[in-house]
K.L.:
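Once you've had a glance at the structure underneath, I'll fire off some questions.
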Amino acid sequence: MKLIHTLAQLQSTLSVYRHPAVVPTMGNLHAGHIALVHAAKPLGDVTVATIFVNRLQFGPKEDFATYPRTLEADCAQLDAAGCDIVFAPSEKELYPEAQSFLIQPPPELADILEGEFRPGFFTGVATIVMKLLSCTQARTAVFGKKDYQQLMVIRQMVKQFNMPIDIVGLDTLRAEDGLAMSSRNGYLSATERKEAVLLSHTLQTLADSIRGGRSNYAELEAEAMALLSLAGWKPDYVVARRRADLQVPQTGDALVVLAAAKLGTTRLIDNLEV
Ligand code: PAF
């Protein structure tokens with residue numbers, strides 16, 4: 001496996017390949033990321049993982065400064081997974097000047113749910129993903145469905161800009177108790193880690209109620225929020241939305257339930273397709 005820090009070296013290394021399959025990450029890798037690499041491997045003639053903690057997608061009060069940078073351990077895991085190239089650029093390499101061209105996803109998608117609570121997040125994500133897909137000459141890129149709204153933003157961006165790239169979404173990997181794998185789980189204390197399962201249980205209960213025939217979504221959402229609050233969480237949202245565009249559903253729509261909530265100081269998100 002080759003570890004590359006510069007665009008020049010990346011370009012020369014990629015010149016002999018026709019179909020890079022790319023897994024963009026911010027590092028601090030866990031089994032969920034490694035599953036993305038395994039999925040990417042058969043989809044291209046070279047597998048590239050990118051590791052870059054993207055300042056543009058963090059709010060001023062968020063964890064950019066403290067986000068764990070664990071390059072050595074990440075590379076060991078990627079090597080073991082059969083990744084061919086790791087592209088881990090510095091900020092200077094990727095943003096040599098202030099990024100003044102930005103990709104602004106449409107407000108109806110980017111200003112709801114995560115975008116409501118993390119203003120500017122999807123502009124930061126879309127902008128860096130556009131840059132990373134371009135730098136790595138991606139023909140396929142693999143993302144986790146845990147970031148459901150992010151995946152939707154990326155799919156629509158690639159479609160509207162006619163980028164010749166297949167976007168593949170992979171099911172969320174979960175711990176045995178159901179907690180969705182996330183780098184931010186590392187922030188949880190031992191007690192919080194045990195309590196954290198409540199988020200996926202809440203979504204499961206909501207999904208089961210909908211499958212069982214209840215369609216009073218607002219009431220179900222309020223019940224789910226109350227359940228989390230009662231257990232000491234600070235929920236941002238628990239909602240049932242239309243899978244196609246994350247808008248409020250009409251009867252017969254295929255649904256996804258999504259949640260974001262803070263446990264202590266750690267903000268977790270999760271979702272389930274119903
Ligand atoms: O999902 C992530 O880890 C990040 O948002 C991504 C897609 C790598 C962009 O920085």
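Atoms within a ligand are numbered from 1 in the order they appear, just like the ligands themselves.
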K.L.:
Inspect the contact between R174 and D270 and indicate whether a charged nitrogen and a carboxylate oxygen are less than 4.0 angstrom apart.
P.N.:
yes
K.L.:
Going by the order shown, which atoms of ligand 1 are within less than 4.0 Å of some heavy atom of T25?
P.N.:
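Within the 4.0 Å cut-off of T25, ligand 1 contributes 8 (C).
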K.L.:
Under a 4.0 Å threshold between the charged nitrogen and the carboxylate oxygen, would R18 count as salt-bridged to D45?
P.N.:
no
K.L.:
Between R267 and E114, does at least one N-O distance fall below 4.0 Å, as a salt bridge requires?
P.N.:
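E114 and R267: salt-bridged.
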K.L.:
At less than 4.0 angstrom from any non-hydrogen atom of I128, what atoms of ligand 1 do you find?
P.N.:
9 (C), 10 (O)
K.L.:
Can a salt bridge be assigned to the pair R214 and E223 using a cut-off of 4.0 Å between side-chain N and carboxylate O?
P.N.:
yes
K.L.:
Is Q57 in polar range of ligand 1, meaning some N or O pair under 3.5 Å apart?
P.N.:
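Checking ligand 1 against Q57, an N or O pair does fall under 3.5 Å apart.
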K.L.:
Atom 7 (C) of ligand 1: which protein heavy atom is closest, and how many Å away?
P.N.:
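Checking every protein heavy atom, the shortest distance to atom 7 (C) of ligand 1 gives Q150 NE2, 3.5 Å.
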